Amino acid sequence: MKKILTFAITFLSIVMSVCAQSAQEPDFEFEPFVANLQDSTLGEPLPCENAYIKAKAGASMFIVGVGKVKSYYYVNGVSSSLALDKKQSLVINLGGQSPLQTISINKFEILKKKRRFQNGEIGSFTGASVNNDEAAQTFRYKKYGKNSVLIPLSNLEPGEYCMSITNAMTNSKSAKVYTFSIK
């Protein structure tokens, strides 16, 4: 009887420790969090900020009608409220969708009171391009839990960044972006 009871207690403690060590995933799709890899839990959510699009024409466009017009996503403020270290990682539930087709990480250009990244341009002789992701960073990822991916920040240089989600209905980025900075 003692052997059976000892075996049952040992078995239950092993099962409970394995369950406790499984990775905690975000409850909702497309909401990124900082990952606490030491205890496999979720840390702070990334701040969600509004982005808006503006187009800017070169001077030659106004003078002779030939040139380029570039469009940018703008976010107010010069920095994110969340500063991260290169050793940290992000986790996002993608619902089983491909990370490379669903999200992009863009590095901001810092202006006086705003941050921006280019998303398209149209030229007199070069045609138009939209969502060309010139500011998009290449990122690595690996599966995390059932529906999420883990994105290490080690290959990003210091600066201001945003994670934007591609809208599956229009194949364009949403007007909400998740911002962070790398120290």
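These numbers were taken from a predicted model, which means no experiment stands behind them. Side chains are part of it too, since the values below use all heavy atoms of this structure and drop only hydrogens, waters and symmetry mates. Note that the numbering runs from 1 along the sequence shown for the chain.
With contacts defined as side-chain heavy-atom distances shorter than 4.5 Å, the pair Leu94/Pro99 qualifies. Residues Thr102 and Phe30 have side chains in contact (heavy-atom distance under 4.5 Å, counting atoms from C-beta outward). Residues Leu46 and Leu90 have side chains in contact (heavy-atom distance under 4.5 Å, counting atoms from C-beta outward). For the pair Asn50 and Val75, the minimum side-chain heavy-atom distance is 4.5 Å or more. Looking at heavy atoms from C-beta onward, Pro47 lies in side-chain contact with Ser81 at the 4.5 angstrom threshold.
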(request) Starting from the C-alpha separation in whole Å, work towards a yes-or-no answer on salt bridge (charged side-chain N to carboxylate O under 4.0 Å, His left out) for Glu157 and Lys107. (result) CA-CA 9 Å; Glu157 59 189 46; Lys107 185 170 185 183; 2.7 Å; yes
(request) Assess whether side chain to side chain contact (heavy atoms under 4.5 Å, CB included) is satisfied between Gln137 and Ser104, documenting all intermediate values. (result) CA-CA 7 Å; Gln137 306 292 307; Ser104 63; over 6 Å; no
(request) Begin with the C-alpha distance, continue with both residues' side-chain angles, and end with the deciding distance and a verdict on salt bridge (charged side-chain N to carboxylate O under 4.0 Å, His left out) for Arg115 and Glu49. (result) CA-CA 11 Å; Arg115 296 163 280 171; Glu49 297 189 54; 2.9 Å; yes
Side chains of residues 146-154: which donor-acceptor partners sit under 3.5 Å, not counting sequence neighbours?
| residue | atom | partner | partner atom | Å |
| --- | --- | --- | --- | --- |
| Ser148 | OG | Glu25 | OE1 | 2.7 |
| Ser154 | OG | Arg140 | NH2 | 2.7 |

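Ring geometry for Phe108 against Phe117 counts as tilted: the plane angle lies between 30° and 60°, on a 0 to 90° scale.
Every salt bridge (Lys or Arg N to Asp or Glu O under 4.0 Å) that Glu109 has, sequence neighbours left out, goes to Arg116. Residues passing the ring-ring contact (aromatic ring centres under 6.0 Å, His included) test with Phe180, sequence neighbours excluded: Tyr161. Contacts of Thr41 classified as side-chain contact (heavy atoms from CB on, under 4.5 Å), with partners at least two apart in sequence or in another chain: Gln24, Asn36, Asp39. Among residues two or more places apart in sequence or in another chain, the side-chain contact (heavy atoms from CB on, under 4.5 Å) test is passed with Asp85 by Lys87, Gln88.
Across all their heavy atoms, Val69 and Ala55 have their closest contact at CG1-CB, 3.9 Å. Between Leu42 and Val91 the shortest heavy-atom distance is CD2-CG1, 3.4 Å. In this structure, Glu160 and Ser80 approach most closely via the heavy-atom pair OE1-N, 2.9 Å.
Using modelled atom types, one finds no donor on one side chain facing an acceptor on the other under 3.5 Å when comparing Asn76 with Lys113. Asn106 and Ser164 share a side-chain donor-acceptor pair at under 3.5 Å.
Within the model, atoms NZ of Lys183 and CG of Leu84 stand 7.5 Å from one another, a figure rounded to the nearest 0.5 Å.
Tyr72 shares a hydrophobic cluster with Tyr52, Tyr74, Leu111; the chain of contacts runs through ILVMFWY side chains whose heavy atoms sit under 4.5 Å apart.
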